Structures are given as structure tokens and as C-alpha cells.
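Here the structure is a predicted model, which means the values were calculated and not measured. The chain is numbered in sequence order, starting from 1.
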Amino acid sequence: MPAVSKGDGMRGLAVFISDIRNCKSKEAEIKRINKELANIRSKFKGDKALDGYSKKKYVCKLLFIFLLGHDIDFGHMEAVNLLSSNRYTEKQIGYLFISVLVNSNSELIRLINNGIKNDLASRNPTFMNLALHCIANVGSREMAEAFTADIPKILVAGDTMDSVKQSAALCLLRLNRTSPDLVPMGEWTSRVVHLLNDQHLGVVTAATSLITTLAQKNPEEFKTSVSLAVSRLSRIVTSASTDLQDYTYYFVPAPWLSVKLLRLLQCYPPPEDGAVRGRLTECLETILNKAQEPPKSKKVQHSNAKNAVLFEAISLIIHHDSEPNLLVRACNQLGQFLQHRETNLRYLALESMCTLASSEFSHEAVKTHIETVINALKTERDVSVRQRAVDLLYAMCDRSNAQQIVAEMLNYLETADYSIREEIVLKVAILAEKYAVDYTWYVDTILNLIRIAGDYVSEEVWYRVIQIVINRDDVQGYSAKTVFEALQAPACHENLLKVGGYILGEFGNLIAGDPRSSPLIQFNLLHSKFHLCSVPTRALLLSTYIKFVNLFPEIKATIQDVLRSDSQLRNADVELQQRAVEYLRLSSIASTDILATVLEEMPPFPERESSILTKLKKKKGPGKVPDVEETKKERNSDMNGSTEPASVNSSAVTMSTPSTSTDLLGLGSAPVLNSVAPPSAGGSLLVDVFSDNSPAVASLAPSAEENFSSPRIGSTDVVSDDPAAAVHDADELVDKFVCKNNGVLFENQLMQIGLKSEFRQNLGRMYIFYGNKTSTQFQSFLTAVICQDALKTQLNIQTKQVDPAVDGGAQVQQILNIECVSDFVEAPILNIQFRYGGALQNMSVKLPVTLNKFFQPTEMTSQDFFQRWKQLAAPQQEVQKIFKAKHPMDTEVTKAKIIGFGVALLDMVDPNPSNFTGAGVIHTKNIQVGCLLRLEPNTQAQMYRLTLRTSRETVSQRLCELLSEQF
């Protein structure tokens, strides 16, 4: 690069920078900058032509002002003019200004491109470097289109200087990253490979980076680079530190080039040519040998450079996975790093050994370090290193050491960091199942797992235990005895109670002969923990009780007394109430034979891949879970082979086990509505899935199973030629969404539909998510929104059609734009048609578009409220309704519902502080309707009186109907 002469120093720029630094305040700085901008603007617009030095100085000042954070809206043309200068310093400032300030969409881009082309054609190496640097810095698609044909020619031209070749290679690499489709493959590709033999190591380094990136996309084009890379690598690793004086870094010859060459070789399989392969093996052996030599310097830079080359060489050895000797040596070298004082080295060693453990050649060598890894798990202070130690134990586990590794992981689990507990639980569960020789050990391990970390044991884990116990006769009695003993602890985790309830309900008869575990003792043990459980677990225990009626007729009366109690028959949760009523009726009227048939033992589950492994893969990401054996991809929600425990009997009664079907929409676990079973008790938790789970909001709507008139609609029940004929009950669905905008709209065995909506004045937007819960593609997927009769003129709804194919396990989104033209009563109908397995499916649901969605809340004082209240005193303007409370009368919940209804909740307005008042305006395209409401609760009588006053009778009536259903 040419030296800057003394005359090139810009005194004016130095003075300006000094003035800025001396400013005492922000205002003073802005004042000085504005003064300078005015001066520069006048100079650029003046009649007197500026010389190159002045232009450069003023452009530099503009650049400095821009870097201070101020906008620059002039001077671009002067910077472009500097590109035509023959002085290096002026051209350099011009390119610098363009690289920093010029937008790729600028009108000047054509002039800039012309200036760059002139410099590239000048054959002046300094100017060519400046132009190439500018192209790489801007990296826009327009520049890629203009120069991707020219830069390869410069790169492979015989008369191009080394510094320009470096810049050209790196510039082409940058353009390939930003616009890979514009970089042409041609005859230059074979010539660029030969740059690996260039005498200038800077050119070789830049070319290696370019070839590595291009080879990942087009390996065949660059496969000749393998032999050249091996040759160059061989020369580097066998050279002394003095041979490559300019490229030796702390006694390590060309470490960066070595790493890049090793990465390039990882793009290809082992060389087929015996000579090349032998030479590469020698290189790798030399690198491993050098790692054993005493360090030539105590400085950290030396060890970092040396280890960088070593780890990349080990990565190549693992990638080739064909030289047993090298693999074992690499493993031994990594083993030495496991106890190194440098944390980063320990981390990298564990990470690399995880990969080595999956190789048949080095698996045994990795196992020899098991004690070191276990010690690291216990003593390591860095949590990320401990996590890699867990990964390595998981990867090196086989039948010979499974019990030792599982025991160590369980011991560590008691003190493990919360961030990695779930992952450890999954790995312990997988290893215990995969390498279980004796399934009694498997049962003990999982129960111990639940005891130690019950909060982190996912549903997939305890589902899997039940599957295995049901499928293996030899372990059923032992499992029943073990869970019975575990449940006798004063405090046990709810997951343990789920497993115990399920297993005792199926196999409690196998231990009933022991007086210590008689039927009544089993029942009393489970029922003693009943009131401490969540609703889904209680529902499961109720199913266990009805199973006991079949297994142990002698305690039938005791169980019927429990089912008949008010706490069950009048339970606030509809799921528990329904089960108690149905089970009591079933136990009372059914004969012994019918009970035995309905409540028979669960049949074996079909053998499938464990869902726990799939969950671990999803948690770690693709390719992150080391495993010796190839695993099949699990179909997570197959209709006929679900991975969760099924109902106690498929024709009548269900254990309340939440479905493991993938929650495609991220909306929570909505109950699966089908012709087999009642909804899951977890449905009531689905109240407001998009918002914070505050207690006030959690009661805003009925549970999700109330969407439909019958909770047992199967996928075959919704087929109809008339879209309106199959509408799942309108009023219940509308009521659910009156005070909220988001949630699960519909769910059955095939599909989950969720929605998220927002409204402002008379406009709304609704996002509908259709999730395919099966593993089979939905074909001919078609949706339509139907507005019947008068609704066509009252609402305008615009829809965008979705993709006609919805893949298994996938979801698609549809957006509806809604305009309220006038007040309305009915809701639009969403009709969905598609083909599943060749059969036409047709279902319709009412969209929760209600009049109150177009409310705008209005704040009012007490005086304004009652003044307006008196103005709306005409009989047709007021609607009043007195009704009995359907839900507990909670003040905070009532406030949340009124706010969710859309009006402003007015505090300190009503003289009676227990009353609620609200105000808002309904916005339609044709008219705006003001609304005042007053809600008067009577807690003693459990009654409400709701009064609404609006200027339109129809609006008052509709709003009263909608709001009264919420309480």
C-alpha cells in the first residue's frame, strides 16, 4: 500500500475532531456539527470547483459525523467523484465513504459500479484491491450481478498479483454467502483449485476458504482439491517452524491454513488413491505425535494454535471413521485433556469423545475413560462441561456398563442444575429401557427417577413405563408390589401416583392375596392422596376405582359411597362430575359379566419406538443425540398406535391420561374429542392459552370441551354435504370466546384448530391455525367462511385460501380480515373440507365473532356516567336481566370478564362499592353505539342483576345475552 505523504495529512479534519472532543455538552456538539455541515454544504454548492484534497477532507468530515450517529443526506456524489481520482488517498476515502454510507438501493449504484469496473480493469493492484474490498463490504445483490463474472477471471489470471488474488478470493467468498445463486460454476473452478499449490501462503489460505464453501454446495466440481490439500498439509506439518517464517505463529507453522485444509478434507470421504490416503494418514499421525511433544513455549497463544490444529485433525479422523489406529490414538489424546486445567479443553474433549463413542472402532477405547468422566460429573464447576459429561456417559453406555452409568446419573440428578435435569431424566429413562436385561431393574429405576426428579419426568416417561409393564407378563406382579410400597411414603410425587393408580387398577389383584396389600388397603392408600392431586390425576384415580369394582367386588359398596358423595357428583369440574356419575351408574346397573367385559384388562400395546427418544432428539436438535444404533423416526400421533396408555376399555371408560399427540399449535393440551372417550380433564386448563396464566384470567370461559353440544363427536360424525348442518354447537362456542380472543377452537383425532384475533374499532383480524395431528397428509384441503342471510350485509370477511396439502404433523395459517358494517346477532360459519386416507372429511364450526369484539372502552367520571345513564332512560334503550350465578362469585374474576368483554371498568362510580360499572362504544361502519352497563351481584342469593343501556334496542339485547352467559 502506498505510503501517505506528509502533505496528505488533513489539518482541517484534525481540528474538527478536536473541537468535537472538547465539547462540554451534547448541545454544544450538535451546534458545532451543524455549523460544519453548513460550511461543507456551501463548499459543495459553491461556484468554485473543489480540488481533490478538499473533497477528500470534507467527505472525511461527513464520514466522521455519520459515525457519531448523525444522519448525512448529501456528499454522496462528491464521494463517487473521488473514485475517479488517480491519487490513492482520495480514492481510498471515496471507497470508504461508499462502503459505510451508500445504500444498495441508491440511485448512485450504477455510477459506483462504473468506477469499480474501471479500477478492476486498470490492472493497478492498489486500485484493484480497493475496488474488491468495496464490493465485499457492500456485498449487495446488485454488485454480485455486476461483478461475479469478472472476479473469477481476476482470481485465476496468470498476471494477477498475489495480494489481488487474496482479495479476489475473499470477495468471491463474500458474494457467494450473500447471493450463492449468482456465483457461476465454470472452467475457472478447475483452475482455482490449483491455487492450493501457490507459493504465497496468503493466497492459499484465502483460496482454501473459498473452495471449502463452494465444495459444500458442489462437491464434484472441487473433488480434485483433495490431493492438493493433502499435499499442502503434508508440507506444512512436516516443516520446521523456521521454514515458514512469515506464517509461523508462536512456533506453530501456519495454524490457520492447517485448520482450513483439514476442514476442506471433511467435505469428502477418505481418498480412494492409496498414496494420497497414506500421505494423509502420515499427516494426521504427525499432528497427534506433535501433541505429545513438550510445548515450545509457555504462552497461551502457542497452546491455543497447537490445540486448534489437533482438534481439527481429530474431527477429520472421526469424519473418515476408517482408521482404527488413528481413532484409538485420538481417543487416548482426548482422554488426557479430560483432566486438563483449562476448562475449554475439557469441554472440547468431552464433546469430541461423544462422537468417537458412536464409532465401532473407538467405542471400547472411550469406555476406558468412564471413571474420569464420572469424576468430572461430580467435581466439575462449569455446568456446560457437566452437561457434556452427561452426554458422553449416555453415548458410551452399553449392556456392560448400563447399570453403573444409570446409577451414577441418578446420583448426580439429586444435585444437578435445574437447566439440565429434564434432559438427564430423558436419558436415564432411555438407557434403562434400552439396556434392561431384567425389567424389574427397569421398574425400580423409573420409580426412583420419579422420586428424585418427579417434576421433570414428562408424560412420555411414565406412559412408557405403563406400556412396558402391560406388555410384559413377567413384571406385572413385581410392578404392582413395588408401586404399592412406594405409595406408602408420606409424600410422593403426583407422577408416581399416576403410575401407581394405573398399575394397581390393572394388576392390583396380583398382590391382593397378601393381607398387607388387601383390596381395601389398596383403595384406602390411593384415596388418602386423592384430595391432594390435580384434576387429571383425580380423573385417573376415579377410573382406577371403577376398575377395583370389577377386580374386588367386596369393596364395591365402599367405592360407590365415594362416587356418590357430593364432592364427586357435584364437583365444580365437569370432567370429574361426569366420570363420577357414569361410573356410579355403571357399577349400579351393570351385571358382573358386563362389568368384566367393559373393564377388562388392557391389551398389549403395539411395539414401537420409544417416544422418549423422540422427545430427546427434539430437545437436543437434529444430529445432537449420540446413539450407536440407527433409530427410526417416530410417528408421534398415529391414529391406531398411540404411544400413551389407552383407555381402561376402548368401548366405554377412559383412564384420564392426557394425549401425547403433538400440540401442533402450541396452544396447550386440548382434550381430544372422539367417539371413544370423554374429554381429558386437562381441558379446563385451556382457558386462555396465549396470555399469562393469572388466576383472574383462568376462569374467563368454560372449559374447552364445552365447544360442542356433544363431547363425543368422532371424525366420522362430522361428514355432511350441507356445511351448516354439521356446525358444532354455536352458543357454547360463542360463549367460550366472548371475553377472550385466543384459544383452541376445535380438536378431534385428526385436527387441531386454534385461533388468535385482534380487533380495533370496526375492524378485526383473525389468525386461524390448522394443525394436522396425524402422520398422513391432508389433501384437497379447502376452507370457506359462510355468512348466512342478513349476516352477509352486516359483516365483510376477506379470506386468503390456504395450501391444499397439509403434511402430517404440520400446521398452516389462514388470515381473516373482518369489517363490522352494522350490528349483528349470528356468527359466521367456518367450513373445512379435506381428504384423509381417501375419505372426505367435512366439518363446520362457528367463528367466535361477536358484537362485543368491536367495543372501544371509554373512561368516564361518576358524574358523566350517571348523566348519560339518565339520557338513555327510554324503555327500548334498557335491557335488564336477573339470573343465577353459574360460577363462583369472585370479584377479581368478574372484573377480568368485564374488561375482557371490551368495556372500560369504571372504579368508584357506583355508590355501592360491590357493584360493577362499565362504558364503551360499539364501532360499526354505519354507526357508533354508546353502551353503559351495571352489574349488581348478590352473594347471599348467588344471583346477579345485569342492566345495559344503549341507543339501539337490538344492541342492548345482544350484549345482555352475551355477557349474562359469562357469570
Side-chain angles (χ1 to χ4, degrees), residues 373-374 376-395 397 402-436 439-469 479 482-503 529 532-534 536-537 540 610-620 624-625 643-645 657-658 660 669 682:
V373 179
I374 291 173
L377 192 63
K378 295 176 180 178
T379 60
E380 185 62 56
R381 288 180 295 176
D382 192 306
V383 62
S384 61
V385 180
R386 292 198 297 272
Q387 188 166 2
R388 293 287 80 79
V390 171
D391 291 343
L392 181 53
L393 285 175
Y394 175 78
C397 187
Q403 294 196 12
Q404 179 189 3
I405 288 177
V406 167
E408 292 294 345
M409 291 174 81
L410 281 174
N411 289 337
Y412 172 63
L413 188 57
E414 297 190 28
T415 57
D417 301 82
Y418 293 112
S419 59
I420 62 174
R421 283 194 179 188
E422 184 182 3
E423 187 179 323
I424 296 174
V425 166
L426 291 174
K427 288 180 174 176
V428 168
I430 291 169
L431 295 178
E433 178 188 345
K434 187 174 181 179
Y435 299 114
Y439 274 90
T440 58
W441 170 75
Y442 169 75
V443 172
D444 290 339
T445 299
I446 300 300
L447 293 181
N448 201 17
L449 193 64
I450 295 174
R451 180 187 61 79
I452 295 171
D455 289 338
Y456 299 90
V457 175
S458 62
E459 291 177 338
E460 287 84 356
V461 174
W462 72 266
Y463 288 167
R464 192 63 178 168
V465 180
I466 292 171
Q467 283 181 331
I468 290 175
V469 170
S479 301
T482 306
V483 296
F484 176 79
E485 293 172 352
L487 288 172
Q488 292 179 356
C492 58
H493 196 273
E494 194 164 326
N495 280 335
L496 180 60
L497 190 56
K498 291 176 182 177
V499 175
Y502 205 109
I503 290 178
K529 304 180 187 300
L532 305 174
C533 303
S534 63
T537 307
L540 187 146
S610 169
S611 60
I612 311 173
L613 185 59
T614 304
K615 184 177 178 70
L616 179 62
K617 289 176 182 176
K618 288 179 180 177
K619 183 175 179 63
K620 297 291 283 183
K624 298 288 186 181
V625 182
T643 57
E644 74 273 13
T657 304
T660 57
S669 55

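Looking at L449 and L413, their side chains come closer than 4.5 Å, going by heavy atoms from C-beta outward. Side-chain contact between I446 and R464 is absent, with no heavy atoms from C-beta onward closer than 4.5 Å. Between M409 and V390, the closest side-chain pair of non-hydrogen atoms falls below 4.5 Å. A 4.5 Å side-chain heavy-atom check between I374 and Q404 finds at least one atom pair inside the cut-off.
Taking CG of L392 as the start and CD1 of I405 as the end, the distance is 8.5 Å to the nearest 0.5 Å. Taken to the nearest 0.5 Å, the CD atom of Q467 stands 8.5 Å off from the CD atom of E433. The distance from the CZ atom of R451 to the CG atom of D444 is 11.5 Å, given to the nearest 0.5 Å. To the nearest 0.5 Å, atoms CG (D455) and CD1 (I450) are separated by 11.5 Å. Taking OH of Y439 as the start and CD1 of I468 as the end, the distance is 5.5 Å to the nearest 0.5 Å.
The two residues V469 and S479 come nearest to each other via the heavy atoms CG2-OG, 3.5 Å. Shown here for S458 and L426, the closest heavy-atom pair between the two residues is OG-CD2, 4.0 Å. The two residues R421 and Y456 make their nearest non-hydrogen contact at CD-CE1, 3.7 Å. What you find for A389 and L377 is that their closest heavy atoms are CB-CD1, 4.2 Å. Between L540 and Y502, the shortest heavy-atom distance links the atoms CD2-N, 3.9 Å. Between I452 and E414, the shortest heavy-atom distance links the atoms CG2-CG, 3.5 Å.
Of the possible polar contacts, none joining the H493 side chain to the A453 backbone as a donor-acceptor pair under 3.5 Å is found. At least one donor-acceptor pair closer than 3.5 Å links the side chain of Y435 to the backbone N or O of C397. Side-chain atoms of K529 come within 3.5 Å of backbone N or O of L487 as a donor-acceptor pair. Not one N or O on the side chain of N495 forms a donor-acceptor pair closer than 3.5 Å with the backbone of W462. Of the possible polar contacts, one joining the R386 side chain to the R381 backbone as a donor-acceptor pair under 3.5 Å is found.
When each of V465, V406, L431 is tested with T445 by the rule side chain to side chain contact (heavy atoms under 4.5 Å, CB included), just one qualifies, namely V406.
A side-chain donor-acceptor contact under 3.5 Å links S384 and D382.
Residues meeting the side-chain contact (heavy atoms from CB on, under 4.5 Å) test with E494, sequence neighbours left out: K498, C533, S534, T537.
A salt bridge links E423 with K427: the distance from a Lys NZ or Arg NE/NH1/NH2 to an Asp or Glu carboxylate oxygen falls below 4.0 Å.
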